[in-house]
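Quick notes on the structure that follows.
Below, chains carry the letters A, B, ... as their sequence lines are ordered, and counting in each starts from 1.
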2 protein chains.
Amino acid sequence: MQSQITPEADDSPPTGNDLRVARTKARIITAVIACLDEVGYSETSINRVQTTAGVSRGALTHHFPSKEAMMVETLERLLDPVRGGTHAPDAIGQATGRGDGIAADMARLWSKVLNTRPGRALVEILVAARTDAALSARIQPSLTAYNDQINVNIHSLYQSPTGDADDIQVLWTICRTFLRGLHLQARFEDNPKQTQRLLERFAHIMEPHMTARSQTKAERHEKPV
Amino acid sequence: MQSQITPEADDSPPTGNDLRVARTKARIITAVIACLDEVGYSETSINRVQTTAGVSRGALTHHFPSKEAMMVETLERLLDPVRGGTHAPDAIGQATGRGDGIAADMARLWSKVLNTRPGRALVEILVAARTDAALSARIQPSLTAYNDQINVNIHSLYQSPTGDADDIQVLWTICRTFLRGLHLQARFEDNPKQTQRLLERFAHIMEPHMTARSQTKAERHEKPV
DNA sequence: TTATAAACAGAACGTTCGGTCTTTTACAAG
DNA sequence: CTTGTAAAAGACCGAACGTTCTGTTTATAA
């Protein structure tokens, strides 16, 4: 909130204090994501984040007044890629719609987006929010916006063979529900082969019910509402 | 471990001290299940269980030397119904295989077994065990036995139209994975209608891939290995 | 150069956690 | 009734939690 000398849009590379702040916050959020992935939400204590990030307790508290705020901001960062936000390209768009089949789409979505460190960290926050009313209330708007965005994108990526517009949303929600279940399961068994097999079989079952739209990425993004 | 006057099988109604012990343990385990369902694993502290059960800290510690032991025994109790254990009849067997379609089976399985207080409590323990190595190690044998039992039962309930014996296991695992995902989702949205819709649509998709075997319940249980 | 505010450091706070301990109560055997 | 043993009660412990606090450093504007 300083060094606002240039009134032009803030696309200039940050310098001085802004750079320092950006670096510190990035270190902290990266540490939060790493902790979430490695030890889960309940073990992601402020002390552990502080140690992992290599910052002082004061720096941490200065940028994030509470653990909840820290988690909310981490979630925002994790949601950015799938929303095509500022920090990363549209991950789902890049993983899907290449025209080589829904099974291939889903395999890429799993390996390139969901079963990654950020993907697993995101699930950890969502799982924790189920039973944490305060956290849940705080992240609900972001999640709603995220869901809406998903539903928009899915309409431009796939369509139901019957032409039912609502059905494709239901079908994609089924896919997401399955993938969520797969996430929890993947933590237990250290057998990626079995996970892969389930994923392929499921995609093969879903394939006849969801046909891909063939169009360019630009077309996909032209109707953002 | 007392009043063993009668060497006959312990089917006699417990009296005296045994009754007191049974009641206290039952109160505690019931309280654990209630807490897990209502506030989740992380908030299910010993203090909360103690208050909910209406017993003292000493009584709790006397029967369960550690929180982990308390959770393990609760899990055993929760697994009993699906294993056809001593405390309850075979819940899955009762919910499925009535010959009125897989969609009906799955709807019953959801409403009568999974989306109940014990069902939700069970999921809470499983979710917690993902990131709790000690708990995970402790419950792994029970879960493996549980999985084996499920796989046995599923072979006598359904078969693949192609006759592939392995495939029916994969298909049922897909169903369980989906239902697990549905469990997590159901906590967020308080819209049972939408959950029901997803469930019905999913079951309809799976139906052609899983045909029911028509046989009696006795036949189903005759090959327990 | 100096004033000001943000960024950072780290000690200390009160609370709650799971676990241990001693004491009292209830039951069953002699 | 007396006595031995297990159940139940509740005080208590150290550790870890998230938060709050004061002090110090750094960067920027006047």
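- Per the geometry, CZ belonging to B:R27 stands 17 Å off P belonging to D:dA7, to the nearest Å.
- The list of side chain to side chain donor-acceptor pair (under 3.5 Å) pairs with a residue in residues 126-138 of chain B, not counting sequence neighbours, reads A:E124-B:R130.
- Within residues 64-72 of chain B, the residues approached by DNA chain C to less than 4.0 Å at the level of any non-hydrogen atom are B:S66, B:K67, in residue-number order.
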(Q) Can you build the contact string for nucleotides 8-15 of chain C? Use B for base contact, S for sugar-phosphate-only contact, and - for no protein heavy atom under 4.0 Å. (A) SBB-----

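- Overall, the helix from C:dT1-D:dA30 to C:dG30-D:dC1 carries an axis bend of 10° between its ends, with five pairs at each end and the value rounded to 10°.
- Taking CZ from A:R187 and CG from A:L182, the interatomic distance works out to 13.0 Å, rounded to the nearest 0.5 Å.
- For A:T52, the side chain to side chain contact (heavy atoms under 4.5 Å, CB included) partners two or more places apart in sequence, or in a different chain, are A:A31, A:C35, A:R48.
- Looking only at distances, a side-chain donor or acceptor of B:K67 sits under 3.5 Å from a matching main-chain atom of B:T44.
- Note on residues 109-120 of chain A: pairs passing salt bridge (Lys or Arg N to Asp or Glu O under 4.0 Å), not counting sequence neighbours, are A:D37-A:R117, A:D37-A:R120, A:E38-A:R117.
- Of all the residues in residues 124-136 of chain A, not one reaches under 4.0 Å from DNA chain D with any non-hydrogen atom.
- For A:I102, the side chain to side chain contact (heavy atoms under 4.5 Å, CB included) test picks out A:M106, A:Y158, A:E207, A:M210, with sequence neighbours left out.
- No more than 12 heavy atoms of other residues, nucleotides or ligands shown are found within 6.0 angstrom of CZ on B:R23.
- Residue B:R23 contributes atom CZ, which lies 15 Å from atom P of C:dA26 at whole-angstrom precision.
- Using modelled atom types, one finds a donor on one side chain and an acceptor on the other under 3.5 Å when comparing A:E76 with A:S142.
- Applying the side chain to side chain contact (heavy atoms under 4.5 Å, CB included) rule to A:R197 yields the partners A:Q194, B:D166, B:V170; only residues at least two apart in sequence or on another chain are considered.
- In terms of heavy atoms, A:L135 sits closest to A:I125 at CD2-O, 4.4 Å.
- Interatomic distance, CE of A:M70 versus NZ of A:K25, reported as 12.0 Å (0.5 Å rounding).
- Residues from residues 42-49 of chain B lying near DNA chain C, meaning a heavy-atom separation below 4.0 Å, are B:S45, B:I46, B:N47 in numerical order.
- The side-chain contact (heavy atoms from CB on, under 4.5 Å) with A:I28 is formed by just one residue from the set A:T74, A:V49, A:I33; it is A:V49.
- Between B:M71 and B:I139 the shortest side-chain heavy-atom distance does not fall below 4.5 Å.
- Sorted by first then second residue, the ring-ring contact (aromatic ring centres under 6.0 Å, His included) pairs that include residues 27-75 of chain A, not counting sequence neighbours, number zero.
- Sorted by first then second residue, the ring-ring contact (aromatic ring centres under 6.0 Å, His included) pairs that include residues 176-202 of chain A, not counting sequence neighbours, are A:W110-A:H183, A:F178-A:F202.
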